[in-house]
Amino acid sequence: MTSLSLRSLTKRYDTATIVNAVSLDVEQGQLVSLLGPSGCGKTTILRMIAGLLDPTGGQILFGDEDVTELPANRRNVGLVFQSYALFPHMTVFENVAFGLRRQGVKGQELKTRVGEALEQVRLGALAERFPRQLSGGQQQRVALARSVAPRPAILLFDEPLSNLDAQLREEMQIEIKRLQSELKLTSLFVTHDQHEAMSLSDRICLMSGGNIQQFATPEEVYFSPANGFVSGFVGSPNKLTGVLRDGAVELAPGLLLPSSRAASTGGGRVRVTLRQEDLVLAPQGPGLPGTITMRIFEGASVQYIVTLDKGPEVMVRVSSRGAQADLEKDTAVAVSVPADRVFVSAEESAA
Amino acid sequence: MTRSCSAGVGLIGPASVLILAGFLAPTVIMAMLSLRDYSGMHGIGTDWTLSNYIDVLGDWFYMEIVLRTLALGLVVTVLCLVVGFPLALFILRVGPRMQTVAILLVIFPLLCNIVVRSFGWMVLLSPRGVINDALLNIGLISEPLDLMYNLTGVIIGLVQIYLPFMVLLLVPALQNIPADVEAAALTLRSSRARVFFTITVPLASPGIITGSILVFVLSISALVTPRMLGGPTYRVMATQIYDEFMTNLNWPSGAALAFVLTFIALALIWAANRVAAHLTRGISA
């Protein structure tokens, strides 16, 4: 058990910079997510930590130990792959025993340790099966057991849930969270799925273009996005443009949206991000006038597409048990947004 | 039903006729021939006998040829594997453009007739050939090495000729190994060498086994290269069968020898498949 620190970690291929001087600290026992769109450098960081890729510059520290030059097989990390990467020619038992044998564990102790690891992922009964005889979810649980069995200093996850269907993904999330907090393993979790990152992480490191955009708790990332990229990435926000005028954004001539987050100076074109769930619908009253053009029932929520008068379309999501759940198509509505939920950013920061 | 049935007969008909007339019938004739008696005075007789097989299996002269052929096949197969494996890995890792070039270079020798290639090796390997001349000139040796008209020459020739088959079967087998699986083994504290022997080789075993069977069977039945590089007195099964038929005119004996060769090959393929089925339990369905 140890902490993980990255110091100006950089990876360049020819002229392309994939990871740009990233510094990051993961405290002992914490789970941190590297979240970002594909190509943001998150998997590259993970592979450098595992020792599967050589960094161009910077340092990787496990606790106080600099492991930057250490080969992968001497780093004491556990890595869970998106593809599971089980050894197909070995039984589940042998897969889990693989890392333990390299540590010199054998005989009865090996059996006990493998048994423990398989019990932790509730697969004790399947030890003699081959990986191809298991379902995707079971295979990923074997992979999880295999990587924690040798008691690694750092546990790394490379989009481990992306190949699973939605329901299984949720189950596995809980499984991972439970195991990680039971074993108090310092973990880094790479994902492009914000819900996964939100629900699993102690802290989220949001990345784009090889740079850290925000490193904070899930609540902070959601409620106080550091910049336009973060507010545009988290949630499924409406992305609009407007002109800044006296603490408000003009989306279209006459359509003014007050924002407490707008910089005082006005006049420039800005990007505006509005979370679907932050928008409030009312039959009439203050707010931007518009008309419902589509209603989509999603179970727990209802999504409306509202065309603002002389303005853009916005998507609004409300609770399906709320007062505004049954508005019909072509109903005239007023859309309002709390001033502190109107995120404004300079247009060029659009990623 | 009837229409699709007659269409089916029409589709497999030509191939069936070809196999029946071109393969099955000659094999049956050969099998019968191998059971006929033979004497130098009267040629092929009309009596049925097992003496041709008993002669082959009981005579040390023939057994030596059989064992030599098997040893030759084994050495050629192992060498093809040892040379072909790194080559296949290189082809996989060299990058897309060089990969095409490399595969073309591997296939290229197949475009050249075996007789011509064997002549090429004679030019290189003969006592006053290119290799011996070069070694003599730089003073590494004082006497020409015996590179030809012995086992060495035959092995060199056969390895070069059958190497492409091995490589072409190893490349797809290695390609099927996900990179993540090897990476996983690395992070589980295994050195590169250990990953190679515990992960890469077992997972490539389907290709290793098919490649080895192919090279082995081709090697033990090769005629031209052993004859040319081994010389007229170097006997393997294929050259002996040829001699029995063409020189001794003892067709029954040649046929019996041919069937012994065939059964050895079939037995080995069967055994290799059993081993393969066990090794690849987890890999293939």
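All values derive from a computational prediction rather than experimental measurement.
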Without swapping roles, check the side chain of [X] against the backbone of [Y] for a donor-acceptor pair under 3.5 Å.
X: S147(A); Y: A145(A); answer: no
X: D158(A); Y: V190(A); answer: no
X: S190(B); Y: L186(B); answer: no
X: S23(A); Y: S8(A); answer: yes
X: T17(A); Y: R12(A); answer: no
X: S135(A); Y: Q138(A); answer: yes
X: S205(B); Y: L203(B); answer: no
X: Q133(A); Y: F130(A); answer: yes

Legend entry - chain A-proximal positions within residues 82-89 of chain B [heavy-atom distance under 4.5 Å]: none
Legend entry - Side-chain H-bond candidate by donor/acceptor type, Q28(A) with T2(A), under 3.5 Å: no
Legend entry - Structural part of N76(A) lying under 4.5 Å from a heavy atom of chain B: both
Legend entry - Interface moiety of L86(A) toward chain B, non-hydrogen atoms closer than 4.5 Å: backbone
Chain B contact residues among [range], heavy-atom distance under 4.5 Å:
range: residues 54-70 of chain A; result: none
range: residues 34-42 of chain A; result: none
range: residues 98-108 of chain A; result: F98(A), G99(A), R102(A), Q103(A)

At what distance, to the nearest 0.5 angstrom, does [atom1] of [X] lie from [atom2] of [Y]?
X: L163(B); Y: Q160(B); atom1: CG; atom2: CD; answer: 8.0 Å
X: L9(A); Y: I49(A); atom1: CG; atom2: CD1; answer: 7.0 Å
X: N163(A); Y: R169(A); atom1: CG; atom2: CZ; answer: 9.0 Å
X: I264(B); Y: L70(B); atom1: CD1; atom2: CG; answer: 5.0 Å

Are [X] and [Y] ion-paired here, with the side-chain N under 4.0 Å from a carboxylate O?
X: E27(A); Y: R203(A); result: no
X: K184(A); Y: D202(A); result: no
X: R178(A); Y: E175(A); result: yes

Inset, instruction - Please tell me if the side chains of L123(A) and V92(A) come closer than 4.5 Å, counting only heavy atoms from C-beta onward. - result: no
Legend entry - Side chain, backbone, both or neither of A179(B) within contact of chain A (heavy atoms, under 4.5 Å): neither
Inset, instruction - For the residue pair H89(A) and F87(A), categorise the inter-ring angle as parallel (less than 30°), tilted (30 to 60°) or perpendicular (more than 60°). - result: perpendicular
Legend entry - Max heavy-atom pair count under 4.5 Å with chain B, selected residue of T91(A), N73(A), L52(A): N73(A)
